[in-house]
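Keep in mind the model is a prediction, meaning the values are calculated, not measured. Quick note on labels: first sequence line is chain A, next is B, and so on, each numbered from 1.
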Amino acid sequence: MSQDSPTAKDPAAKDEAANYKATLNLPATDFPMKADLVKSEPARLAKWKASNLYTRLMDKRRDAKPFILHDGPPFANGDIHIGHVVNKTLKDIVLRYKSMAGFKCPYVPGWDCHGLPIEHRIQEQIGPKWRDTPVADIRKQCFEYAQSYVEKQADQFQRVGVLGDWSNPYRTMAPAYEASTLEVFARIVERGLVYRQLKPVNWSIENQTALAEADLEYKDVVDTSVYVAFTAANPGALKARLDIRLRADVKFLIWTTTPWTLPANLAIAAGPDVDYALLHVEEEGNSTVLILASELVEKVLAKRPSASRTTNLLKTVKGRDLEGLEYAHPFIDRIGKVVLADYVTTTDGTGLVHTAPGHGDEDYQTGRRYGLDVYCPVLAHGRFDSTVPNWLTGLNVWQANPVIIDKLRETSSLFVDEKYPHSYPHDARSKKPTIYRATQQWFVSVDKSFVAHPQFDKPFSAGASSSDQEASIRARALKAIDNEITFHPDWGRARLRGMLESRPDWVLSRQRAWGLPMPIFYSADDRPLLDAGVIRAVSRHFARVGSDAWFNLTVDELLDGVALPDGFDRATLRKGTETFDVWFESGNSWFGVVEQRSDQLGHAPVDLYLEGSDQHRGWFQLSLLPSLAVNGHAPYRAVLTHGFIVKPDGTKVSKSDKEYVTAMQEVDRHGADLLRLYVASLDYQGDMPASPQLISAFGDKYRKIRNTIRYLLSNIDDFEASAPITIPAPSLDDWMLGELAALVRDVTGAYDAYKFHIAFKLLHDFCNVQISSVYGNAMKDRLYCESPGSPLRRRAQFVMHQCAVALMKLLAPMCVFTADEAWEHLKSKPPGEADLDCVHLAQLPAAPQHSSAHDATYAELMRLRDEALLQLDRLKKDVGLNKALDAEVVYHLPSASIEMFRSMGVDLEDIVGAGHHRIEASADQSSRVSVFDRRPDTPACARSWKRRPDVGSDPRYPDLSSRDAQAVALARNAGAA
RNA sequence: GCGCGUGUAGCUCAGUUGGUUAGAGCGCGUCCCUGAUAAGGACGAGGUCCGUGGUUCGAAUCCACGCACGCGCACCA
C-alpha cells in the first residue's frame, strides 16, 4: 500500500496531517471570488462620487500635458442602447488609459437636443390639437422632453462607469450653446459662404409645409402615367449629328407618373452608357423617328398596339451621343436640352427621364450640374402660378393632371397613357399625397473660395498656417484629410474623402419647430436680411434667455440698437421661420464646447473625435466643414471610428430579435464591467457581434481574470512591498518578471494603438498561461510550505505583487470597477502609491527589472516542461500516477548547461509540480527529461506531499522532509513564544 | 446601384516584407487534483484561411472577378 499517501494510513496520521495543515501559509484574501457586480458597482460609483474622483483626478494631473477627446453628442431621446455603451465605453477606455499614462484628460459629455424625433414625440402627445398649438408651447414641451432624457442618459452612462464632468455637460439647446452656434454662423456669413436658393422638398399641400422623410408614409396608389413624345427642336442639326437622312420628325419619348410636373420640364435625362434606339415609325401616314432605350422598344410599343404600324431600327447610339440635343416643350414655348445622369435605368419607362429641377431631388441635382433654373410654378397651396399657360394657372396639381393629358393628346404629344400602380408618399398627418416642390432654402457653399483668417475676427490659435489664402471649404477639407488628420483605422480617410469629393452644398435651413431658429429677417418684399451684426445681436438675446427669444421678442426688441444695412426698414421686417439643420449645431461643438471651455479643453484642433462609422457623413464631416470655414483647419487631429453591434451571424439586429441586447438590462444582469470587458474584447474596426447569450458566456473570461487576481492577492496577503528584493537569474521568478515586462510593454503598446481587443487578449492569456498554468502553479509549494519569511517565498511574493499591481492597472481602463475593487484589497500598495485610494488615480506600471540574458535557457526549460508534462500524462494512464508530487523529474543535460540549470534549484521540480528532481549529464548535446513514479520507493512528506529522499531526516518529525521539519519547528517555536 | 469596409477552428482574435505541418485563449471531450475549491491542472479533438480564376518554385498573405454581411448615399440622429 506504499502508493497511498501517508495521510490515508490511520486516524492518528490524519490528525497529525491536520496539524501540519495549520502550519501552512495557505492563500487568504477578502477579495471575493464571486464578483456580485450588480450590487458592488453602484456602491463603488457612490464612493467615487462622494470622493469627487473626477475632480481629484483633474487636480492630480493639473500640470500634465492634456489629451482632449471631444465627445460627440448622442441624441437626447430614449434609453441608451448597446451602441451608446460601445461608443462611451471606448471613449472611457481611451481617457482612463491616457490619464494613467500621465495625461490630463478632461471629458465633457454632451447631448444633441434639437431635432425631428423629439418634435414627433411631442406631436404625438399633443395629438390633433397640434396645428393650433403655439410654437412656443411645442418648444417648451420638446425642451422638457429632451432635458428629461439628458438626465436619464447621464445616469445610465455613469452607471456604465463612464467618468467625466457629469455635473456640467453640454447641451445644444442650452442658451450659451445656442448663442455660440449663431456666432459660428455669423462668421461663416462674414466669409460670404451663405446663400439662398430654391430647392425641391417634400411638401404637404394640406398643411402648406415642408416635410421630413419621417413625416411621410408611403401608400400604394394607382396614378395615370403618360408616355410623351417631345419633338426635336433643331431637326437639321440633330439629323446631321446622328446621321439620319429621313424626312421625318424626330421625337424623344419620355415617361412620367406625375403629368402635373410637365409644365416645369426643363430637360430630358439620358444614361450616358445606355443604348438608345433611333426607331423609324410609320403609322397612319405619319413618319417619325422615335428615340428611346433599345431595351425598352418592344415593351413600349406594345403599350399602344397598332396594326398599321411599321418600324425600322435606323441605328443605336449611346446616351452620351444625345447630350445637348434640343427639343420643344409640347405645350409651352420653351426649348429643353438632353442631359446626362447616372441614375437613369431601363427598368421602367423609356430610358429618357423627364427632368423638372423644381420637382425632384435627382432632377434638381442634375439641373445644378447643367445650370438649369430651379423652376417651380406650383405655389404653397398646390396651385399653378401665372408663369404657366392660362389654361393651367390657378388649377391645383391634381386637377391639372387630366387637363394636361388632354392637352398632350390635343397636340399629338401623347404616345400613350396607362394606369400605373405604385407606392407614393403621403403626409402622415393629413393622409393626403405630397408633392415635391422647390422652396427657398439657405445653403453653405462648399466650392466658393474664401479667406479663412480675415480681419473680422482673430484666429483662435496663434501661428495660423497657410489657411488665410483663398480656397473653398471642399479644397481645404480634402487637404486637411490628406495632411492634417490621422485616421484610426486608416481607411476612414478614404471614406471621408469620398464623401467630401461628391457632397453638394450644405442645406442649412429646415422648416421645423424644435430647432435653433435662423436669425434671418425678411423685408416686406421678401428680401432676406442676412447680416453678421444682426446675427450677433440675436445671439446676445439667445445667450441670455435662449432661442425662445426668437418667438417671444418682437423684431424691435431683437434688433434694439442694431444698425440695419441700407434698404431695410425695421418697421416692416418680419422674422424668418426656418430653423438650422441640427447638424449645424452639433457640428459646431468645437466652438460651442471646446473654445467656450478653453480653460479646461484648450483649443481646436483637439486630439481625438471617436464615433461610429456612420459619423463619417455625420458629425466628423459636419464638424469639419464649419471649422474649416471659420478657422481654416480641422477641429480634430485624429478620428477613430468603430463598427456596429450585429447579431452573432453577422446580420443587423432589430429590437424584436432575440439576440437584441438591451443595454441597461445587461448591466442589471451582469454588471457594467462585464459589458465593458466584452466591448473591449471585440475588434471595433469591423462589425461587433453580440447577444445576451454571448455576453453571458463571456462571464467565463471575466471570472478567469478576476480569479487570477484573487489568487495573487491571496498569496501576498502577508507581504510588505516596501523594500525591493533581488531576484537571482536564471530562475522562475526572473522568467516571470520577464514575461510581465513583455506584458506591460505589449499591453501599453496595444492601448497606444487603440487596439483594446489586443490588450484584452494579452491580459486574459497572461492570466491563463503565465500565471495560472505556469508560475502560480509552480510557486504553490514554496508559498504554502516554506516558512513565511523564507527568501524563496518572499521572492515569489515580490513577483506576484508586481504581477497583481500591473494586472490591476492594465485592466483598470476596461474593468473600472473590478480593478479598483482589487486595488482596495491590495494590502501593501507599491512604494510611492501608498496614499492612492483609487486605482484610477495611479499611473501605468513600469516594466519590472529582470535579466534579459537567459531567454534561451527559459525557452529550453519550457520545452523540457512540455516534455515532462507529456510523460506525466503517460504515467497517469499507464500506472495510475495521478499526482505530479509523486513523481521525480530527471533532467539529462549537456555539461555546458548543467550549472546553469542547477542554479535554478527547486524551480526544476516545481515547474511541473513534481516532488523531486535530479540532474544527470547527457550523453550528447541534447537536453531531455525523464519522469519517474516514486511511489514505490520514496516516502512522501506528510506536509508538502512531495516524495523526497530526506523524509524522516529530522527525528522530531519522522514523516516530514527536512525543509518542512524546519518550517514546522519554526512555526511551533514562534507559536510557543 | 454607387462609395467605404469586413470575411482565418463552435466563439473572440493573432498571422510581420508571400516561405516548414496555419497559431493563441476560451468553449468542447477525456482524465486528474481537492491546500486557488461555485476554484485549479494535464492531455486531446476541432480549419476547403468566403468562392473561382490568375501571378509565383511557393499564396491565408499579391492581382482580377464574384458571393455574403455591415455602414453611408435623406429635412433620422
Inset, instruction - Please check the phosphate of B:G3 (OP1 and OP2 only) for any side-chain N or O of A:Arg503 closer than 4.0 Å. - result: no
Legend entry - Assigned partner base of B:C2, Watson-Crick or wobble definition, under 3.5 Å: B:G72
Legend entry - Salt bridge A:Asp363-A:Arg368, side-chain N to carboxylate O under 4.0 Å: no
Inset, instruction - Give a yes/no verdict on base stacking between B:G40 and A:Tyr711: centres under 5.5 Å, planes within less than 30° of parallel. - result: no
Inset, instruction - Return yes if the base of B:C71 and the side-chain atoms of A:Arg495 contain a donor-acceptor N/O pair under 3.5 Å, otherwise no. - result: yes
Inset, instruction - Look at all strands and tell whether A:Leu872 reaches a base, only sugar-phosphate, or nothing, counting heavy atoms closer than 4.0 Å. - result: nothing
Inset, instruction - Output the single nucleotide from B:C13, B:G35, B:A77 whose closest atom is nearest the side chain of A:Asp614. - result: B:A77
Inset, instruction - With heavy atoms under 4.0 Å as the rule, sort A:Arg943 into base, sugar-phosphate or nothing. - result: base
Inset, instruction - Ignoring backbone atoms, test whether A:Thr651 places a side-chain nitrogen or oxygen under 4.0 Å from the OP1 or OP2 oxygen of B:A68. - result: no
Inset, instruction - Output yes when at least one side-chain N/O atom of A:Lys21 is less than 4.0 Å from OP1 or OP2 of B:G35, else no. - result: yes
Inset, instruction - Quick one: label A:Pro689 by what it contacts on the DNA or RNA (base, sugar-phosphate, nothing), any heavy atom closer than 4.0 Å. - result: sugar-phosphate
Inset, instruction - Take the protein atom CD1 of A:Ile771 and the nucleotide atom P of B:C26, then report the distance between them rounded to whole Å. - result: 14 Å
Inset, instruction - Counting heavy atoms from C-beta on, name the nucleotide in B:C75, B:C11, B:G72 closest to the side chain of A:Leu694. - result: B:C11
Inset, instruction - For B:U37, take OP1 and OP2 only and decide whether either is under 4.0 Å from a side-chain N or O of A:Arg710. - result: yes
Legend entry - Candidates B:A77, B:A36, B:G72 - which lies nearest the side chain of A:Tyr784: B:A36
Legend entry - Minimum-distance nucleotide (side-chain atoms of A:Leu116 versus B:A39, B:C33, B:A77): B:A77
Inset, instruction - Verify the contact: side-chain N or O of A:His757 to OP1 or OP2 of B:A14, cut-off strictly under 4.0 Å; return yes or no. - result: yes
Inset, instruction - Check whether any side-chain nitrogen or oxygen of A:Ser772 sits under 4.0 Å from OP1 or OP2 of B:G41, and answer yes or no. - result: yes
Inset, instruction - Report the base-pairing partner of B:A64 (Watson-Crick or G-U wobble, both distances below 3.5 angstrom), or none. - result: B:U52
Inset, instruction - Check the surroundings of atom CG in A:Asp30: do more than 12 heavy atoms from other residues, nucleotides or ligands lie under 6.0 Å from it? - result: no
Inset, instruction - Mark yes when over 12 heavy atoms from residues, nucleotides or ligands other than A:Gln365 sit less than 6.0 Å from its CD; otherwise mark no. - result: yes
Legend entry - OP1 or OP2 of B:C75 under 4.0 Å from side-chain N/O of A:Arg512: no
Inset, instruction - Please identify each residue that fulfils side chain to side chain contact (heavy atoms under 4.5 Å, CB included) with A:Asn707, with sequence neighbours left out. - result: A:Met33, A:Arg710
Inset, instruction - Look through every strand shown and name the nucleotide pairing with B:U21 as Watson-Crick or G-U wobble, where both distances are under 3.5 Å. - result: none
Inset, instruction - Would you indicate which nucleotide in B:C13, B:C32, B:C75 comes nearest to any side-chain atom of A:Asn882? - result: B:C32
Inset, instruction - Please name all residues satisfying salt bridge (charged side-chain N to carboxylate O under 4.0 Å, His left out) with A:Asp649, sequence neighbours left out, ordered by chain then number. - result: none
Inset, instruction - Look at the side chain of A:Asp765 and decide which nucleotide, out of B:G70, B:A24, B:G35, has an atom nearest to it. - result: B:A24
Legend entry - Side-chain donor/acceptor of A:Lys761 to base of B:A14, under 3.5 Å: no
Legend entry - Minimum-distance nucleotide to A:Arg617 side chain [options: B:G72, B:C43, B:C75]: B:G72
Inset, instruction - Return yes if the base of B:A77 and the side-chain atoms of A:Trp619 contain a donor-acceptor N/O pair under 3.5 Å, otherwise no. - result: no
Legend entry - A:Gln153 side chain to A:Gly78 backbone, donor-acceptor under 3.5 Å: yes
Legend entry - Under-4.0 Å side-chain N/O to phosphate OP1/OP2 contact, A:Lys704 with B:G41: yes
Legend entry - Syn/anti state for B:G54 [syn: chi within 90° of 0]: anti
Inset, instruction - Using both distances under 3.5 Å as the test, list the Watson-Crick or G-U wobble partner of B:U30, or none. - result: B:A42
Inset, instruction - Could you check which of B:A39, B:C26, B:C71 has an atom nearest any side-chain atom of A:Asn768? - result: B:C26
